[in-house]
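Heads up: the structure comes next, in structure tokens.
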2 protein chains.
Amino acid sequence: MRVTLKDIADEAGVSMMTVSNVVNGKRARVSPETIERIQRIVAERGYVPSASARSLAAKSSRLIGLLVPAADEDSLMISPHNVAIVGQIERELRKGGYHLLLRGIAAPAEVAEALQSWSLDGAVLLGFLDEEIDRLTARAVGKVSLLAIDSYSANPLTTGVRSDDYTGALLAARHLLELGHREIVFAGPSFSDVGVVHERFAGFQAAFAEAGLSWRERLVSANTTHASGRELGRRLMSSHPSATAVFATADILAIGIMEGLAETGFSVPSDVSVLGFDDLDLSAYVTPKLTTIAQDIPRKAAIAVQLLLGTIEGKEHPVDPITLEVRLIERASTAAPR
Amino acid sequence: MRVTLKDIADEAGVSMMTVSNVVNGKRARVSPETIERIQRIVAERGYVPSASARSLAAKSSRLIGLLVPAADEDSLMISPHNVAIVGQIERELRKGGYHLLLRGIAAPAEVAEALQSWSLDGAVLLGFLDEEIDRLTARAVGKVSLLAIDSYSANPLTTGVRSDDYTGALLAARHLLELGHREIVFAGPSFSDVGVVHERFAGFQAAFAEAGLSWRERLVSANTTHASGRELGRRLMSSHPSATAVFATADILAIGIMEGLAETGFSVPSDVSVLGFDDLDLSAYVTPKLTTIAQDIPRKAAIAVQLLLGTIEGKEHPVDPITLEVRLIERASTAAPR
DNA sequence: TTGAAAGCGCTAACAA
DNA sequence: TTGTTAGCGCTTTCAA
């Protein structure tokens with residue numbers, strides 16, 4: 001059967017506590033020779049501590065949840081943008097000696113259930129809208145640290161990490177305005193008065209304001225999917241005949257729009273400029289290559305984990321939200337209007 | 001603090017075992033009224049069983065590992081093809097009342113460590129080469145069920161699920177041959193005598209054999225990445241001037257090749273036809289849209305989980321490997337040679 | 001520097 | 001149909 005602490009203790013002729021201390025690196029409490037002897041036996045016998053037993057006996061489980069939306073009984077909704085984040089989060093946790101529980105959330109109650117059943121030390125919320133986050137965390141238990149990625153929620157239970165969406169959209173709109181565009185469509189999911197898309201919309205408008213221009217209502221609502229973008233692209237020039245450019249809140253949407261435009265005989269960028277947000281790998285593979293706003297995704301994930309582990313281990317107060325820089329990547333999908 | 005079994009038992013005026021039986025659905029052992037009363041209290045108090053405690057006391061943890069390669073200290077290597085699989089596996093496990101531990105594997109020893117520390121009931125290996133799988137599972141403990149995705153390993157410790165790679169490549173080569181191509185390059189990672197790429201190579205050659213043609217050595221080695229494909233595409237027509245078509249073992253590679261060809265002034269499909277494997281979403285977004293071999297990815301994942309849970313719960317013997325159908329998706333990147 | 005006792009929350013195997 | 005006993009493997013607390 002399994003090699004236990006007791007086995008090691010017996011073989012070393014010491015108590016379980018001594019072995020426990022050695023295994024957990026509390027070396028101050030054990031003599032050097034004992035440490036070495038125990039370590040040798042541990043290696044020989046291939047002893048691996050039982051995480052369940054440790055989690056049960058100690059306050060901490062060293063387990064972190066990664067909670068992702070999963071529309072009712074459905075598969076996880078991991079967008080291309082979020083894939084990289086998942087990988088980075090796992091890596092950072094592993095480096096810190098934590099394990100990752102990946103869990104799809106179909107109903108709010110599942111958050112509390114996930115948190116409690118495995119006594120998670122904390123959890124990262126990835127891919128939820130701000131409105132949902134408040135609802136989800138409302139029922140959460142007090143002890144666990146929560147961190148939401150891409151959140152602007154003022155919820156004191158969660159810390160947030162996000163890119164500078166406001167500035168990103170500002171840069172995007174500025175770029176199009178500088179090229180000479182005036183009739184620019186804003187395409188993105190419908191939004192409330194808080195959240196990523198709201199920020200981008202505000203930044204977008206600010207660019208017009210700083211240029212002394214007024215932006216006439218040219219808001220188009222679309223899901224953040226290729227299919228939705230394609231459909232939008234197909235009818236764009238008939239619904240907005242005078243538009244010369246589109247800013248989409250996500251690359252995948254922008255790429256769909258480009259396809260829809262191409263299908264209806266419009267050429268990018270000579271007829272219409274298209275600008276995205278995210279800088280997915282994919283965006284450099286399509287034709288024309290997409291001009292977009294790039295986020296530092298690995299950094300976003302690394303900081304998320306740092307903050308989370310910080311509040312868990314240091315019992316620091318949840319830190320203020322952190323905002324990461326973005327930058328414009330000029331490629332081939334934008335040009336001066338004709 | 002936490003609501004425990006004992007709390008519920010006290011409040012209901014019964015023993016812990018009775019509550020335990022109700023919670024675990026062993027209703028045959030409890031009277032209907034008791035069941036109802038206990039269930040009411042459980043709901044009222046928001047009782048959630050402790051998975052660690054259960055795992056410690058019972059044989060099973062209801063935790064499954066998803067083990068993914070993570071080149072030394074690096075982030076997880078989740079290819080576009082594997083992302084969908086991760087999501088589906090989580091979903092299937094959740095439906096079955098299991099949880100998923102996502103873990104990057106940098107060194108063989110980490111497999112056993114992951115398995116043991118959380119007393120995993122089983123694990124899915126995703127993204128490993130067959131050669132690695134044997135090495136990884138060698139040290140694994142006996143009890144846990146292992147299942148490798150896309151594996152042809154004869155290893156008795158693991159069951160495998162994979163697409164019909166042989167037939168996929170056969171269909172691909174047949175398609176190109178029927179279009180009239182004779183000088184076809186096979187582009188893929190270097191391979192040994194077992195595994196996915198080996199199968200595809202065998203299928204590819206078989207198509208020539210059945211057409212009574214001999215395939216002259218036109219094997220090009222490249223990593224399964226866009227960058228590697230692009231580089232390959234750039235030098236393809238100078239290294240193989242008479243080639244009229246390329247079969248790549250992965251869409252992402254094929255897309256890179258198309259880009260490299262375009263950069264050096266060759267047009268797809270009029271100068272060179274390109275055919276991929278996987279049918280990523282992405283492959284329909286690029287220009288020209290990629291002709292490819294489609295796999296049923298959700299099904300692959302669902303079957304993987306079914307098999308794994310089958311051997312875990314039913315203690316059935318590891319089943320024979322399962323092979324899933326593939327089909328040719330004809331799009332715009334292939335045409336008759338000039 | 002080391003050890004003993006108690007218990008984390010649960011379930012298996014019996015007993016009643 | 002229900003309860004009792006005895007742990008699962010570890011850490012905490014306190015004593016030596």
Side-chain angles (χ1 to χ4, degrees), chain A residues 1-38 42 45-63 97 99 113 115-121 141 143, chain B residues 1-39 42 45-63 97 113 115-121 141 143:
Chain A
M1 269 310 296
R2 172 174 204 135
V3 182
T4 71
L5 255 197
K6 185 162 191 325
D7 297 333
I8 307 291
D10 289 352
E11 188 164 337
V14 296
S15 77
M16 283 171 58
M17 268 325 294
T18 303
V19 180
S20 173
N21 284 331
V22 170
V23 168
N24 294 328
K26 304 207 190 305
R27 290 145 176 259
R29 312 172 139 279
V30 191
S31 79
E33 312 101 63
T34 321
I35 290 185
E36 207 196 330
R37 183 158 38 95
I38 290 178
V42 162
R45 304 287 310 264
Y47 168 70
V48 178
S50 156
S52 329
R54 181 179 274 173
S55 162
L56 194 57
K59 310 285 174 191
S60 120
S61 63
R62 296 191 85 77
L63 230 203
H99 286 258
E113 191 258 310
L115 257 31
Q116 291 184 53
S117 75
W118 285 100
S119 320
L120 300 184
D121 284 350
V141 253
K143 208 185 71 119
Chain B
M1 268 312 293
R2 171 173 205 137
V3 182
T4 71
L5 254 199
K6 187 165 190 320
D7 297 332
I8 307 292
D10 289 350
E11 189 165 335
V14 297
S15 79
M16 286 171 57
M17 268 325 291
T18 303
V19 180
S20 173
N21 284 330
V22 171
V23 168
N24 294 328
K26 304 205 190 307
R27 292 149 174 255
R29 312 175 138 278
V30 192
S31 79
E33 312 101 62
T34 323
I35 291 185
E36 207 196 329
R37 181 157 42 95
I38 290 178
Q39 283 181 330
V42 162
R45 305 284 310 263
Y47 168 71
V48 178
S50 156
S52 328
R54 180 178 275 173
S55 161
L56 196 57
K59 309 285 172 192
S60 122
S61 62
R62 296 191 84 78
L63 232 203
E113 190 258 312
L115 257 31
Q116 291 184 53
S117 74
W118 285 101
S119 319
L120 300 184
D121 283 350
V141 254
K143 208 186 69 119

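So you know, we letter chains A, B, ... as the sequences are listed, proteins then strands, and number each from 1.
Summarising the geometry, the separation between NZ on B/Lys59 and C1' on C/dC10 is reported as 14 Å, rounded to the nearest angstrom. Regarding B/Leu5, its CG atom lies at a distance of 10 Å from the P atom of C/dG9, rounded to whole Å. Distance, A/Met16 CE to D/dT11 C1': 9 Å, rounded to whole Å. Spacing between atom NZ of A/Lys26 and atom C1' of D/dT12 amounts to 11 Å, rounded to whole angstrom units. The nearest whole Å value for the distance from the NZ atom in A/Lys6 to the P atom in C/dA5 is 13 Å. Atoms CD (B/Glu33) and P (D/dT2) sit 8 Å apart, rounded to a whole Å. Going from atom CZ of B/Arg2 over to atom P of C/dC8 covers 12 Å, rounded to whole Å. With rounding to whole Å, A/Leu56 atom CG is found 9 Å from C/dG7 atom C1'.
Checking the phosphate oxygens (OP1, OP2) of D/dT2, a side-chain nitrogen or oxygen of B/Ser31 falls inside 4.0 Å. At the phosphate of C/dG9, neither OP1 nor OP2 sits under 4.0 Å from any side-chain N or O atom of B/Ser52. The phosphate of C/dT2 (OP1 or OP2) has no side-chain N or O of A/Asn21 nearer than 4.0 angstrom.
Closest approach to the A/Ser15 side chain among C/dG3, C/dG9, C/dG7 is made by C/dG3 (side chain taken as heavy atoms from C-beta onward). In this structure, of D/dT2, D/dG7, C/dA12, it is C/dA12 that holds the atom nearest to the side chain of B/Met17. Closest to the side chain of A/Ser20, out of D/dC10, C/dT11, D/dT11, is D/dT11. When distances are taken from the side chain of A/Thr4 to each of D/dC10, C/dC10, C/dT11, the shortest belongs to D/dC10. The side chain of B/Tyr47 approaches C/dC10 more closely than any other nucleotide in the set C/dT2, C/dC10, D/dT2. Residue B/Ala57 has its side chain nearest to D/dG7 when only D/dG7, D/dC10, D/dT1 are considered. Picking from D/dT12, D/dC10, C/dA12 the nucleotide with the shortest atom distance to the side chain of A/Ala58 gives D/dT12. Picking from C/dT2, D/dG3, C/dG7 the nucleotide with the shortest atom distance to the side chain of A/Thr18 gives C/dT2.
Helix bend of the helix from C/dT1-D/dA16 to C/dA16-D/dT1: the angle between its two end axes, each built from five pairs, comes to 30° after rounding to 10°.
Shown here for B/Asp121 and B/Ser61, the closest heavy-atom pair between the two residues is OD1-N, 3.0 Å. Taking all atoms of both residues into account, the shortest heavy-atom contact from A/Val48 to B/Glu113 is CG1-O, 3.9 Å. Nearest approach of B/Ser52 to A/Ser55, heavy atoms of both residues: OG-OG, 3.1 Å. Residue A/Ala9 comes nearest to A/Val19 through the heavy atom pair CA-CG2, 3.6 Å, listed as atom of the first residue, atom of the second, then distance. Of all non-hydrogen atoms in A/Thr4 and A/Asp7, the two that sit nearest each other are N-OD2, 2.8 Å. Taking each heavy atom of B/Trp118 and B/Leu63 in turn, the nearest pair found is CB-CD1, 3.8 Å.
A donor-acceptor pair is defined here as one N or O able to donate and one able to accept, closer than 3.5 Å; such a pair exists between the side chain of B/Arg2 and the backbone of A/Gln116. B/Arg45 places no side-chain N or O within 3.5 Å of a backbone atom of B/Ile8 that could act as its donor or acceptor partner.
Counting heavy atoms from C-beta outward, B/Met16 and B/Ser20 have side chains that stay 4.5 Å or more apart.
Contacts with DNA chain C (heavy atom under 4.0 Å) in residues 7-14 of chain B: none are found.
The residue B/Ser55 sits apart from the nucleic acid: no heavy atom pair falls under 4.0 Å.
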* For A/Asn24 and A/Arg54, run side chain to side chain contact (heavy atoms under 4.5 Å, CB included): C-alpha distance rounded to whole Å, both residues' side-chain angles, the deciding distance at 0.1 Å, then the answer. => CA-CA 11 Å; A/Asn24 294 328; A/Arg54 181 179 274 173; 2.8 Å; yes

